[in-house]
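Just so it is clear: chains get the letters A, B, ... in the order the sequence lines come, proteins before strands, and each one is counted from 1.
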There are 2 protein chains.
Amino acid sequence: MINKNSPIPIYYQLEEKIKNQIDQGDLKPGDMLPSEREYANTYAISRMTVRQAITKLVNDGYVYRKKGTGTFVSEKKIEQPLQGLTSFTEDMKARGMTPGNRLVHFKVVPATSSVANYLKIQENDPVYEIQRVRLADNVPMALETSYLPEKLVPGVTKEIMQSSLYEYIEAALGKKIKEATQIIESSTANQNEVELLQVRKSSPILLIERHTYLEDGTPVEFVKSAYRADRYRFMINMKR
Amino acid sequence: MINKNSPIPIYYQLEEKIKNQIDQGDLKPGDMLPSEREYANTYAISRMTVRQAITKLVNDGYVYRKKGTGTFVSEKKIEQPLQGLTSFTEDMKARGMTPGNRLVHFKVVPATSSVANYLKIQENDPVYEIQRVRLADNVPMALETSYLPEKLVPGVTKEIMQSSLYEYIEAALGKKIKEATQIIESSTANQNEVELLQVRKSSPILLIERHTYLEDGTPVEFVKSAYRADRYRFMINMKR
DNA sequence: GAGTGGTCTAGACCACCCC
DNA sequence: GGGTGGTCTAGACCACTCC
């Protein structure tokens, strides 16, 4: 089950193996895992390698350790939020809906002072400004306006925005996206949102502002989204 | 600087040391850290111990590794959200405001089916129901209703709720809080909220529902909060 | 006392990056 | 080629838990 000659690291093989056993119910919530020394003996690997695998599972919330006692499978949560930073597309798919887009505009404009500030570029530096209505099962779900610095992310096209922007940044440009900070506010629909989202005047709206960063901390994207409150709830998990 | 005879783990001492150097500007964003081997030689410790310290800093976003090149200090983010799960009190302090409370009611009631479902207990099992107006600089900020299973968290008093519930659970009851799932929605103020939060009818409200879990995954708290949208924005950081 | 996780060592070989 | 991080070993001693 563990291939020591594989180019896939041993700790990762073991991690996936245990994760599968949990997902498939071979290891149930509350069950104690074999001890680290037992795994080490079973697969003839070092205990440090076993620990590397289990530490990852602990960080991801699959299992927890009790000093002097053992390692146990965690209970499942009532509602399972998405893990980590996801795109609208991934988010909607996870909610069992079909994502769609309607492009409102796509242009290169000089950065306003506030956009320049968020993207840490000079005022009037060129930025892509892309506004889209995001659809779920063909019903408007959110109005999204994205800003991307042209120097950092050149060659963005409508087609790329239709498929996966993050994949383009990571695969085609070779830049790794690390994280995003999101600011979430409650508001009511303005005239523009009333029209594009097809909601009544003053309907509740969930405003989400996203600042996305590369691995070295460079801002790569600034997005303002207005979600219909009647169709969207934001769900996250936070560790203590 | 590193004390090998201290009961404080070496990796933790090194982690704090590097963190301090970053906070105090001795290591600036973009700077390369000394290599792992260099740290190991300098402090006469094993490279694996150095890696344990740096891995933690990577996970917390302070530094990032580049294969074959080195480890570097991350850029600071534009707006720094709180790290991890925090209480209202901690949150307000971090925002530079003075937190306060006004108790609306404190009672033990039989769990409704929805509360029982969230807390994974039987319907009609006794639960604490605590409703408070949360103040920031003496102005109403949120209306918060908490439910706690009496069997799991016995001995809760008004005084404990005034100080720190999480500390009581962790210190007095010896249970570790692991994480919380939060569901965030946009809404408008109902009559009760209009009165207690002193806002106009139909003002935008940020609804936050929090499900808190212990280390083994047992639900320990269920909280519904209504925040004034004019005074509160929710900020989080998500890793890819 | 036996078993568990927590910490730590002193090496090793690899792939990758830069010169 | 020399330096870097990524992976891995085969031990060790500790504190803690449970019986």
Side-chain angles (χ1 to χ4, degrees), chain A residues 1-18 27 30-59 61-74 170 174-176 178 215-216, chain B residues 1-18 27 30-59 61-74 170 174-176 178 215-216:
Chain A
M1 272 297 200
I2 298 282
N3 181 356
K4 297 178 84 163
N5 298 318
S6 163
I8 299 165
I10 296 172
Y11 77 89
Y12 185 76
Q13 294 183 46
L14 180 58
E15 182 193 329
E16 290 299 309
K17 187 182 165 62
I18 298 173
L27 285 169
D31 282 0
M32 187 173 131
L33 266 65
S35 78
E36 298 173 353
R37 285 168 183 84
E38 205 171 326
Y39 275 123
N41 286 334
T42 304
Y43 298 112
I45 58 180
S46 158
R47 191 181 147 215
M48 284 301 274
T49 304
V50 176
R51 276 187 71 77
Q52 202 174 346
I54 294 181
T55 298
K56 188 77 188 314
L57 294 172
V58 170
N59 289 337
Y62 288 95
V63 303
Y64 61 98
R65 292 186 171 119
K66 283 185 89 156
K67 247 182 296 196
T69 311
T71 303
F72 301 84
V73 180
S74 300
E170 296 191 327
K175 299 177 195 293
K176 264 191 208 156
K178 185 176 70 170
E215 206 171 30
D216 65 357
Chain B
M1 274 298 199
I2 297 282
N3 181 357
K4 298 179 82 163
N5 297 318
S6 162
I8 300 164
I10 296 173
Y11 77 90
Y12 185 76
Q13 293 182 46
L14 180 58
E15 182 193 331
E16 289 297 309
K17 188 181 163 64
I18 298 173
L27 286 169
D31 282 0
M32 187 174 131
L33 266 63
S35 78
E36 297 173 354
R37 286 167 182 84
E38 206 172 325
Y39 274 124
N41 285 335
T42 303
Y43 298 113
I45 56 179
S46 159
R47 191 181 148 216
M48 284 301 275
T49 304
V50 175
R51 277 187 71 77
Q52 202 175 345
I54 294 180
T55 298
K56 188 76 189 313
L57 293 172
V58 170
N59 289 336
Y62 288 95
V63 304
Y64 62 96
R65 292 186 171 120
K66 285 187 87 155
K67 247 183 292 200
T69 310
T71 304
F72 300 85
V73 180
S74 299
E170 296 190 326
K175 299 176 193 295
K176 264 192 208 159
K178 185 175 72 170
E215 205 171 30
D216 64 356

Q) Are S46(B) and R51(B) linked by a side-chain donor-acceptor pair shorter than 3.5 Å? A)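 There is no such pair between these side chains.
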Rounding to an integer number of Å, can you tell me how far [X] [atom1] sits from [N] [atom2]?
X       : N       : atom1 : atom2 : value
I10(B)  : dC13(D) : CD1   : C1'   : 13 Å
E215(B) : dG5(C)  : CD    : P     : 13 Å
M48(B)  : dG11(D) : CE    : C1'   : 13 Å
I8(A)   : dA15(C) : CD1   : C1'   : 16 Å
N41(B)  : dG3(D)  : CG    : P     : 12 Å
I2(B)   : dC8(C)  : CD1   : P     : 10 Å
L14(B)  : dT9(C)  : CG    : C1'   : 16 Å
R47(A)  : dC13(D) : CZ    : C1'   : 11 Å

[N] phosphate, OP1 or OP2, under 4.0 Å from [X] side-chain N/O:
X      : N       : answer
R65(B) : dG6(D)  : yes
K4(B)  : dT9(C)  : yes
T71(A) : dT4(C)  : no
T69(A) : dC16(D) : no
S46(A) : dA10(D) : no

Taking the nucleotide of DNA chain D with the nearest heavy atom to each, does K66(A) or I45(A) sit closer to the 5' end?
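The 5'-side residue here is I45(A).
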Exercise for the section: Could you say whether P34(B) or P9(A) is positioned toward the 5' end of DNA chain D, judged by the nucleotide with the nearest heavy atom to each? Expected result: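 Its nucleotide being nearer the 5' end, the pick is P34(B).
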Item to complete: Can you establish whether the number of heavy atoms outside K17(A) located under 6.0 Å from its atom NZ is more than 12?
Response: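 Result for NZ/K17(A): enclosed.
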Is a donor-acceptor pair below 3.5 Å formed from side chain R37(A) to base dG5(C), judging by atom type as modelled?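 Answer yes: a donor N or O sits under 3.5 Å from an acceptor.
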Please determine whether salt bridge (Lys or Arg N to Asp or Glu O under 4.0 Å) holds for the pair R65(A) and E36(A), giving the CA-CA distance in whole Å, both sets of side-chain angles, and the decisive distance to 0.1 Å.
CA-CA 11 Å; R65(A) 292 186 171 119; E36(A) 298 173 353; 3.6 Å; yes
Side chain of T49(A), heavy atoms from C-beta onward: which of dG5(D), dG6(C), dC8(D) has the nearest atom to it?
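That would be dC8(D).
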ask   = How far apart are the closest heavy atoms of E15(A) and A53(A), and which atoms are they?
value =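 Scanning both residues completely, I find the closest heavy atoms to be N-CB, 3.9 Å.
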Check: If you measure from NZ on K175(A) to CD on E215(A), what distance do you get to the nearest 0.5 Å?
Finding: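 Going from the NZ atom of K175(A) to the CD atom of E215(A) covers 12.0 Å.
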